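Report on the following structure.
Read the numbers this way: they start at 1 and go in the same order the structure lists the ligands and their atoms. If you're wondering where the values come from, they're calculated on a predicted model, not measured in any experiment.
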Amino acid sequence: MSLQLQVDASLKPFNSFGVEVLASLFAEAHNDSDVREALQYSVDQQVPLLVIGGGSNLLLTGDVHALVLRMASRGIRVLEDDGERVVVEAEAGEVWHAFVLWTLAQGISGLENLSLIPGTVGAAPMQNIGAYGVEIKDVFAGLTALDRQTGELRDFTLAHCLFGYRDSVFKQQPGRWLILRVRFALSRVARLHLEYGPVRQRLTEQGIEQPTASDVSRAISSIRSEKLPDPAVLGNAGSFFKNPLVSAVLAAELKRTHPELIGYPQADGQVKLAAGWLIEAAGWKGFRELDAGVHRFQSLVLVNHGSATGLQLLDLAQRIQADIKQRFAVQLEMEPNVY
Ligand code: FAD
Ligand code: NAP
């Protein structure tokens, strides 16, 4: 067996909340053969298998009685390049932001708005990661996953992935698909998306009128570093709740009673409400009980001030959900994967 199994391994370094729990077994997969070995082991020994990447979208509520397999496969390759359209493939264990920087260094654009998102390439399709008006579905060219039920490889096209807002077929069928590598259709001709939030303003402040994709990446990285807590300093999993999509009727009703409510009309007639606004309006911003809290400046981000347990964080999240439901008749959905 080439897979190195560790018994009773601490997962604290492998979840961005910094929650202290143990995995009964832990291993890293550096290639497809490690992945197959882990899968075989889990079938033979009847141990559940939990695949993780950077652990930046996880809430671990107790010791994990499973073989936790951390994807650590590396490799980036250009599959097609006609001078304009470039298809790039990256292994699941590649660090997302390092991959984004690699593409930009090659003069390839398309991922710049997704700069500085923590985690791995393999986890990115799980919730169709998105930021500043771009989601990976916009640049997706395909992926290869292992079907854990049959052991067969399957290539997914865009249509197969059922990407939605922070959603995909991989999220809807938990534990079925193990993503091995992902392909992106990028470009040597930058088509920049600057219309979202403070991006254009930040570039203007820097005196950049004709930005390159790398300029956009740097601007977004600087905005993110100012706004979001660094998990290495303060444990968190980014936005803890999705922005809820509600009917136009409910949005209009809420706007009557709360004129400052922030909502973005969607193409399908629904309205996306800013969950952070709802949580702040309900008074949770900066709330802290023991070491579980809501960030002082970002009400969408739950934080671990030191030794919060996953259950304490989950309890806080559920209390916020109940309060928002009662005050605004809006059901908030958690974004991280809870185990
Ligand atoms: P993990 O947390 O390790 O895993 C997440 C889920 O994917 C788990 O269910 C796991 O089982 C599964 N999984 C992981 N790898 C694989 C694989 N290879 N095959 C199959 N399943 C797999 N998200 C956004 O969308 N936009 C943002 O702007 C954003 N900003 C963030 C900022 C901060 C500070 C933090 C902490 C998080 C942020 N996130 C954001 C959330 C998170 O970074 C992303 O969801 C990221 O893609 C998670 O990657 P990961 O490797 O850490 O996944
Ligand atoms: P922000 O710019 O302060 O905006 C607050 C919310 O309003 C965002 O969640 C965003 O929704 C929405 N929004 C803002 N401008 C919009 C527009 N022009 N059209 C439609 N919706 C708009 O948000 P932020 O917290 O600083 O985050 C900036 C970006 O990074 C956002 O895209 C956010 O999703 C992403 N981010 C995600 C996470 C995560 O863990 N998932 C963590 C940090 C940041 P959307 O979220 O739908 O874009």
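Contact annotation for atom 26 (O) of ligand 2: protein present (non-hydrogen atoms, distance under 4.0 Å). Protein heavy atoms are absent from the 4.0 Å sphere centred on atom 5 (C) of ligand 2.
In summary, the side chains of E335 and Q127 do present a donor paired with an acceptor at a separation below 3.5 Å, with no hydrogens or angles considered. A donor-acceptor contact under 3.5 angstrom links the side chains of W284 and D323, judged on distance only. Counted by atom type alone, R154 and T144 present zero donor-acceptor pairs between their side chains at under 3.5 Å.
Below 4.0 Å from some heavy atom of N337 lie the following atoms of ligand 1, by number and element: 5 (C), 6 (C), 8 (C), 9 (O). Heavy-atom contacts of L178 reach the following atoms of ligand 1: 19 (N), 20 (C) (cutoff under 4.0 Å). With ligand atoms numbered from 1 in the order given, ligand 1 contributes 20 (C) to contacts under 4.0 Å with heavy atoms of W177. Close contacts between ligand 2 and E335 involve ligand atoms 39 (C), 40 (O), 41 (N) [criterion: under 4.0 Å to a heavy atom]. Below 4.0 Å from some heavy atom of L228 lie the following atoms of ligand 2, by number and element: 43 (C). Each of the following atoms of ligand 1 lies closer than 4.0 Å to a heavy atom of A131: 28 (O).
Remark: minimum distance from atom 39 (C) of ligand 2 to any protein heavy atom is reached at S239 OG, 3.2 Å. When only non-hydrogen protein atoms are considered, atom 7 (O) of ligand 2 lies nearest to Y264 CE1, 3.3 Å. Summary of contacts: the protein heavy atom closest to atom 48 (C) of ligand 1 is S56 OG, 3.3 Å. Counting only heavy atoms of the protein, atom 30 (O) of ligand 2 lies nearest to A131 CB, 3.5 Å. Among protein heavy atoms, atom 36 (N) of ligand 2 sits closest to R224 NH1, 4.2 Å. Ranking the protein heavy atoms by distance from atom 50 (P) of ligand 1 puts G54 N, 3.4 Å first. Looking only at protein heavy atoms, the nearest one to atom 8 (C) of ligand 2 is N243 ND2, 3.8 Å.
Looking at I117 against ligand 1, only its side chain comes within 4.0 Å, counting heavy atoms. The parts of Y132 lying near ligand 2 are both backbone and side chain, judged by heavy-atom distances below 4.0 Å.
Of the candidates P229, P118, S168, G130, P118 brings a heavy atom nearest to atom 38 (C) of ligand 1. Nearest-heavy-atom check against atom 33 (C) of ligand 2 across K227, R166, E135 picks out R166. Comparing heavy-atom distances from atom 18 (N) of ligand 1 across L234, V182, I179, N128 singles out I179 as nearest. Looking at Y196, W277, F240, F241, it is Y196 that brings a heavy atom closest to atom 18 (N) of ligand 2.
For the side chain to side chain donor-acceptor pair (under 3.5 Å) condition, the pairs that include at least one residue of residues 185-194, sequence neighbours left out, are D81-R188, E84-R191, S187-R191. Judged as a side chain to side chain donor-acceptor pair (under 3.5 Å), not a single pair has a partner in residues 245-274 (not counting sequence neighbours).
The shortest heavy-atom distance from R70 to ligand 1 is not under 4.0 Å. A heavy-atom separation below 4.0 Å is not found between F170 and ligand 1.
Note: no N/O pair closer than 3.5 Å links E195 and ligand 2 by distance alone. The N/O atoms of S16, backbone and side chain alike, include none that comes under 3.5 Å of an N/O atom in ligand 1. For a threshold of 3.5 Å applied to N or O pairs, the pair formed by Q127 and ligand 2 contains no separation below that value. Taking any N or O of N236, backbone or side chain, none lies under 3.5 Å from an N or O belonging to ligand 1.
Put simply, the side chain of R148 gets close to the backbone of L49: a donor and an acceptor are under 3.5 Å apart.
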